[in-house]
Amino acid sequence: MSKNLLGLLFCTLTVGIVACGAEPSEETDAWLADRQEELRLPGCANDGEVAKVFDLCAFGAGSQWAPRCFAPGSYELSGAINDDISSIQVQPGYQVKLHDGAGSSSPLVTATGNLDVCGQSANDKASKLVISALGGGSGGGASGGATSAGAGGSTTGGAQDSESSEPVEVGSDPPVSVSINGGNVTIHPSDDPPVLQSGRFFAQGNKPFYLAGVGGPEGFAFESSARKQQIVDELKARGVHGIYFHLTRAFGGDGKSNGDEHLFKSSADKRLDAGRMQSLAAFMDQLDQAGILMWTTLLDDHSKPWGCYSAQNAAQYQTFAKDLARAFKGYKHLIWVTKEEYDWSDCSHAQNVDLVKNLAAAIRSQDRVHAIATHHMNGDGFDFDGDPNIKVFGQQTGDDGEGDSVDRMHDVSGVEGWNSGAAYVMSEAHPYHKDLIRGGKSAELRQSLWATAFSGGSVLMYDAYECHDPRSYGNGAWLCTGPNAGNSPAQPKPEMLDALRRLRRFMSSVRYPETTPLFGAALGARRSAGTRWLLVNDAKGIYVLYGSSTASALGVTNVSSGTYVARWFDPVDGSPGALAGGTAFSHTGGTLTHNKPSGLGDEAVLYLVKQ
């Protein structure tokens, strides 16, 4: 595999982040060597070929021309292949835009995975292909011009390097239609690989998937269409890849501004309504196709449509969960959450545990792919160790002083999350994140996000886009539109959303799933110079260091001798845009200290890997 392609694979993140063209290190080569054949498209023999087109439906080879493989670039088609493409395969991390003319600016369709366009308007219409890494440029060599691709055309090209917040167009699988209580719910899922839960971390395809998104609004599903579209558009524009919302907020939950905050036919007829679900699906389609992971909660805190869980109402709760899973399991970017603050209710602890376990089992009976979480109350540890279905710890922290400062987010909440043994998501820093958003404290909020990352967790920025209860300022989970709308929406500043994008981009670029966070005395013994937090793997020589002081260097103690490559990253502005390359140097053993590059401010991240 060519160095150029390795660089693209290393720097191109799972969905919607930029690609870079800098020369990768030998360590990057070694890291990806075992994936070369897995990533190569069947029948594409040349290094760098990331797309394959076919003249028949369902990736079939016809008699007019043989399937063709292409590298990143821009290609004007001629000969038999022109206006005769019916299906396409795309390597993970790349996109292919099919145009109906050399001069057209808008593509007929964009594919980021296997796509069959038979029966669609794009079938047999493509006369130009533009192939690029997700989020990157169109390639086409140094000049960015098109290459002729006729019967024997060239398949050369490249990718541009940028740190961009532009949204990424994602293709679609065929629509999925499910019958729900006398109606149909039709969704249009993305064609990216599913998000799979893997040990403590998430994966997408064969790459790490790091979740850094907005932790609200809880009532997204029940806001006006205009409000939902505004939020979707903003997340896409800023490159944010996660959102938190509920599917039921009535029946005792926070949906007090509008008693209709549910997906049932009515408050009395608690069967899921296909029309209401279809209305929400129009926006879930957009989120999924933009690669925005949906942290999708079935029940709000205190919400109990059929009362406390019992043998008498078990069937209703289970049917509810099964129908939701049947309708929405086709989405790729989704994590199921059984209940928010699951044990905060007027039901018994045993009833609450039975409820979420049975909801999870009902979901799993219909959906064998997506991870399932349960959201816990402030200070609660993970209660479902050993459960066969619940593998994600939705953590809440804040009111009890656990997460009311940057260091406590790492040193207390982070310890609790990591020690859970589950994949953990800081899903609600309450009221800490709310106070930071509403107070405009972008720097402290950004550092709190990195604190969670350096304790081994993913993060959702609580209170984003929420409104206050108009009667008091205690409840920040009120609808911003509709009857009795709340006030003072918590509008994240652009730099707050950018911080989420940059955190996700960095964490998905490094080998963090192979590392372990350090806390307490262990952290104190290993950090040096201006280092604040550490992720380490001594056996493999992988170190990720975070600092936020005026110190001119970051360091780590007890590092074995050898040759290391250092790469720096600025959490404030996301520079450099690429993590490939880096500076190689020899270390004789002991404390390893590396000086910050010129121009890097107080906040800095250093990624060290032994060669």
Side-chain angles (χ1 to χ4, degrees), residues 199-202 208-213 393 395 397 402-427 429 432-433 436 443-461 499-538 540 542-549 551 553-557 559 566-572 574 579 592 594 596 600-609:
R200 289 181 177 271
F201 306 100
F202 300 106
F209 180 94
Y210 186 79
L211 171 61
F393 176 25
Q395 188 183 30
T397 190
E402 277 198 330
D404 54 3
S405 72
V406 169
D407 281 315
R408 291 185 71 82
M409 285 290 291
H410 179 274
D411 300 341
V412 181
S413 303
V415 170
E416 182 179 83
W418 182 257
N419 288 342
S420 71
Y424 89 92
V425 178
M426 172 52 67
S427 52
Y432 184 47
H433 279 175
L436 295 178
E444 186 174 350
L445 179 60
R446 178 178 60 250
Q447 291 178 30
S448 78
L449 304 177
W450 284 85
T452 294
F454 271 76
S455 59
S458 296
V459 65
L460 294 165
M461 191 169 69
L500 290 169
R501 181 185 76 251
R502 289 166 181 153
L503 172 61
R504 181 184 183 278
R505 183 165 173 267
F506 175 84
M507 295 300 289
S508 294
S509 292
V510 302
R511 295 165 63 180
Y512 85 94
E514 301 175 56
T515 65
T516 299
L518 298 182
F519 304 102
L523 173 60
R526 297 298 303 276
R527 60 188 177 189
S528 177
T531 299
R532 189 174 188 177
W533 305 311
L534 278 166
L535 299 170
V536 306
N537 183 326
D538 288 315
K540 294 185 177 181
I542 304 170
Y543 303 93
V544 192
L545 292 68
Y546 176 91
S548 56
S549 71
L554 301 182
V556 54
T557 66
V559 176
R567 302 178 180 91
W568 288 90
F569 184 80
D570 188 337
V572 179
L579 287 175
L592 191 162
H594 207 271
K596 291 181 184 177
L600 195 59
D602 292 348
E603 292 180 55
V605 184
L606 174 60
Y607 178 43
L608 297 167
V609 181

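The shown structure was predicted, so the numbers you read here are calculated from the model rather than taken from an experiment.
Annotation: side-chain hydrogen bond (donor to acceptor under 3.5 Å, both in side chains) contacts of Ser448 (sequence neighbours excluded): His433. Taking the side chain to side chain contact (heavy atoms under 4.5 Å, CB included) definition, one finds that Ala553 meets it with Ala529, Thr593, Asn595, sequence neighbours left out. The side chain to side chain contact (heavy atoms under 4.5 Å, CB included) search around Asp602 returns Thr550, not counting sequence neighbours. Not counting sequence neighbours, Arg527 has no partner by the salt bridge (Lys or Arg N to Asp or Glu O under 4.0 Å) test. Every residue two or more places apart in sequence or in another chain that forms a side chain to side chain contact (heavy atoms under 4.5 Å, CB included) with Ala451 is listed here: Val406, Met409, His410, Trp533. Qualifying side chain to side chain contact (heavy atoms under 4.5 Å, CB included) partners for Ala212, counting only residues two or more places apart in sequence or in other chains: Tyr210, Val459, Leu500, Leu503, Arg504. For Phe454, the ring-ring contact (aromatic ring centres under 6.0 Å, His included) partners two or more places apart in sequence, or in a different chain, are Tyr546. For the salt bridge (Lys or Arg N to Asp or Glu O under 4.0 Å) test, residues two or more places apart in sequence or in another chain that qualify with Asp407 are Arg532.
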Practice prompt. Apply side chain to side chain contact (heavy atoms under 4.5 Å, CB included) to the pair His594 and Leu554, showing each step before the final yes or no.
Written response: CA-CA 6 Å; His594 207 271; Leu554 301 182; over 6 Å; no
Discussion item. Set out, in order, the CA-CA distance, both residues' side-chain angles and the distance that settles side-chain hydrogen bond (donor to acceptor under 3.5 Å, both in side chains) for Asn537 and Tyr543, then state yes or no.
Written reply: CA-CA 6 Å; Asn537 183 326; Tyr543 303 93; over 6 Å; no
Practice prompt. Test Leu211 against Leu460 for side chain to side chain contact (heavy atoms under 4.5 Å, CB included), laying out the working first.
Written response: CA-CA 8 Å; Leu211 171 61; Leu460 294 165; 4.3 Å; yes
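Pairs engaging residues 451-461 under the side-chain hydrogen bond (donor to acceptor under 3.5 Å, both in side chains) rule: Tyr424-Ser455 [sequence neighbours left out]. Pairs of residues two or more places apart, or lying in two chains, never qualify as salt bridge (Lys or Arg N to Asp or Glu O under 4.0 Å) while including a residue from residues 414-423.
You'll find the side chain of Val536 stays beyond 4.5 Å of the side chain of Thr515, heavy atoms only. Using a 4.5 Å heavy-atom cutoff, the side chains of Leu545 and Leu608 are in contact. The side-chain heavy atoms of Leu534 and Val556, taken from C-beta on, include a pair separated by under 4.5 Å. Put simply, the side chain of Val425 reaches to within 4.5 Å of the side chain of Phe202, judged on heavy atoms. Counting only heavy atoms from C-beta outward, the side chains of Leu606 and Val544 never approach each other to under 4.5 Å. Within the 4.5 Å cutoff, no side-chain heavy atoms of Phe209 are placed close to those of Phe201.
Across every non-hydrogen atom of Ala551 and Gly530, the tightest pair is CB-CA, 3.6 Å. The shortest non-hydrogen separation linking Gln395 to Gly417 is NE2-N, 3.6 Å. Of all heavy-atom pairs between Ser508 and Pro208, the closest is OG-O, 4.1 Å. Residue Leu449 comes nearest to Ala499 through the heavy atom pair CD1-CB, 4.2 Å, listed as atom of the first residue, atom of the second, then distance. Scanning both residues, Pro571 and Val605, for their nearest heavy atoms gives CG-CG2, 3.7 Å.
The distance from the CG atom of Leu518 to the CZ atom of Arg526 is 6.5 Å, given to the nearest 0.5 Å. Considering OG of Ser405 and CD of Gln447, their distance stands at 11.0 Å, rounded to 0.5 Å. In this structure, OH in Tyr607 is found 9.0 Å from OG in Ser509, a value given to the nearest 0.5 Å.
None of Trp450, Trp568, Tyr512 except one satisfies the ring pair (Phe, Tyr, Trp, His ring centres under 6.0 Å) rule with Phe506; the exception is Trp450.
Listed for the Lys596 side chain is no donor-acceptor partner under 3.5 Å among the backbone atoms of Glu603. Under the 3.5 Å distance criterion, the side-chain polar atoms of Arg408 are left unmatched by any main-chain donor or acceptor of Ser413. Listed for the Thr531 side chain is a donor-acceptor partner under 3.5 Å among the backbone atoms of Gly555.
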